[in-house]
Amino acid sequence: MIFALFLPANALEVEITSGCLYLDDLYGADYPHTSVQCGIKAGEKKAVAPQSIATALKRASLPYDAAIPPATVIRKGGAVSEQRVLNDIHKLFAARYPNFEIKVDYVRFGRELFSEDPLTYELELDMQRFGVSNGVIRTGYA
């Protein structure tokens, strides 16, 4: 494969939907799917150093110019709110048991949860049980 490098002279701003930025995200489908930087959280806007881009180009055996412009990456999405999940759980139980007073004291996540759309997620709950309970939240995002 031969790649002609026509890198933009200005800083780039790229939106991604996964936790990693790849060369093809920056420069298009003609470039290999080689990672530039990973660990980008949903909703995060992060500067990517030209050296990181140069290293990825080198790993892909592509030539590069020392004057690579910096890039900014924005990962689509954001964190899911514990308060919103608490409210949604309350609504589900209140709809299922309209003749009962429903109180959800708290919701605790084991770790921060992210979603491409922080308002869209799937709740899996044991609706037959009252008291302390566990549930699953599916966001489709890592």
Side-chain angles (χ1 to χ4, degrees), residues 1-98 100 102-142:
M1 256 188 212
I2 298 174
F3 288 96
L5 290 181
F6 299 104
L7 302 179
N10 319 3
L12 293 170
E13 187 168 287
V14 179
E15 185 176 75
I16 61 173
T17 58
S18 72
C20 292
L21 171 68
Y22 297 93
L23 287 176
D24 54 337
D25 292 327
L26 286 170
Y27 302 123
D30 291 338
Y31 282 78
H33 194 66
T34 302
S35 67
V36 175
Q37 187 168 340
C38 290
I40 303 163
K41 293 181 179 180
E44 184 175 24
K45 183 175 183 174
K46 192 173 200 175
V48 178
Q51 184 59 39
S52 296
I53 299 169
T55 300
L57 289 166
K58 184 177 178 181
R59 271 196 332 270
S61 300
L62 295 172
Y64 60 91
D65 187 326
I68 294 173
T72 301
V73 63
I74 302 165
R75 183 173 176 190
K76 190 175 179 182
V80 176
S81 158
E82 288 183 4
Q83 184 62 48
R84 180 166 177 86
V85 171
L86 183 142
N87 292 342
D88 287 348
I89 291 170
H90 183 271
K91 286 178 192 173
L92 287 170
F93 273 94
R96 174 118 184 204
Y97 301 101
F100 289 85
I102 304 297
K103 181 177 179 189
V104 181
D105 290 322
Y106 67 93
V107 170
R108 183 176 55 214
F109 295 170
R111 63 180 173 87
E112 197 169 16
L113 299 177
F114 296 95
S115 177
E116 189 170 308
D117 177 356
L119 304 179
T120 303
Y121 47 83
E122 182 182 324
L123 288 172
E124 188 176 300
L125 305 168
D126 181 358
M127 299 290 290
Q128 304 299 320
R129 183 174 177 188
F130 289 99
V132 176
S133 182
N134 292 319
V136 176
I137 300 172
R138 298 188 199 294
T139 65
Y141 235 48

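Quick caveat, the model's predicted, so the values are computed rather than measured.
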Apply side-chain contact (heavy atoms from CB on, under 4.5 Å) to residues Y106 and E82 and explain how you reach the verdict. CA-CA 8 Å; Y106 67 93; E82 288 183 4; over 6 Å; no
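- Two residues are said to be in side-chain contact when any heavy atoms from C-beta on lie closer than 4.5 Å; I74 and E13 meet this criterion.
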Hey, mind stepping through R84 and V80 against side-chain contact (heavy atoms from CB on, under 4.5 Å) and telling me if it holds? CA-CA 8 Å; R84 180 166 177 86; V80 176; 5.9 Å; no
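- The shortest non-hydrogen separation linking A47 to Q37 is O-OE1, 4.2 Å.
- Annotation: the span from D105 atom CG to H90 atom NE2 amounts to 10.5 Å, rounded to 0.5 Å.
- K45 places none of its side-chain heavy atoms less than 4.5 Å from the side chain of V73.
- Residue D88 forms a side-chain contact (heavy atoms from CB on, under 4.5 Å) with just one option from V107, L123, V104, and that option is L123.
- Proximity of a side-chain donor or acceptor of S18 to a complementary backbone N or O of C20 within less than 3.5 Å is detected.
- Between V14 and I16 there is a side-chain heavy-atom pair separated by less than 4.5 Å.
- Here OG1 of T34 is found 11.0 Å from CG of L26. Values are rounded to the nearest 0.5 Å.
- Put simply, the side chain of I102 reaches to within 4.5 Å of the side chain of Y97, judged on heavy atoms.
- For Y31 and D25, the side-chain atoms include no donor-acceptor pair closer than 3.5 Å.
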Would you check, one step at a time, whether the test side-chain contact (heavy atoms from CB on, under 4.5 Å) holds for I68 with Y64? CA-CA 8 Å; I68 294 173; Y64 60 91; 3.9 Å; yes
With side-chain contact (heavy atoms from CB on, under 4.5 Å) as the test, would you mind laying out the steps for Q128 and R96 before giving the verdict? CA-CA 10 Å; Q128 304 299 320; R96 174 118 184 204; 2.4 Å; yes
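- Although no hydrogens or angles enter the test, the distance criterion places a donor-acceptor pair under 3.5 Å between the side chain of R59 and the main chain of S35.
- When all heavy atoms of P32 and A60 are compared, the pair lying nearest together is CG-CB, 3.7 Å.
- Residues C38 and L21 form no side-chain contact, since every pair of their non-hydrogen atoms from C-beta on lies 4.5 Å or further apart.
- For S133 against D126, the heavy-atom pair with the smallest separation is OG-CB, 4.3 Å.
- Distance check: N134 CG to R108 CZ gives 9.0 Å after rounding to the nearest 0.5 Å.
- Between R138 and Y121 there is no side-chain heavy-atom pair separated by less than 4.5 Å.
- Y27 contributes atom OH, which lies 4.5 Å from atom CD1 of I53 (distance to the nearest 0.5 angstrom).
- Judged by distance alone, the side chain of S52 and the main-chain N or O of V48 form no donor-acceptor pair under 3.5 Å.
- In this structure, P69 and P50 approach most closely via the heavy-atom pair C-CG, 4.2 Å.
- A heavy-atom distance below 4.5 Å is not found between the side chains of K58 and P63.
- A distance-only check finds no donor-acceptor pair linking the side chain of H33 to the backbone of D24 [under 3.5 Å].
- For the pair E15 and R75, the salt-bridge criterion is not met [side-chain N within less than 4.0 Å of a carboxylate O].
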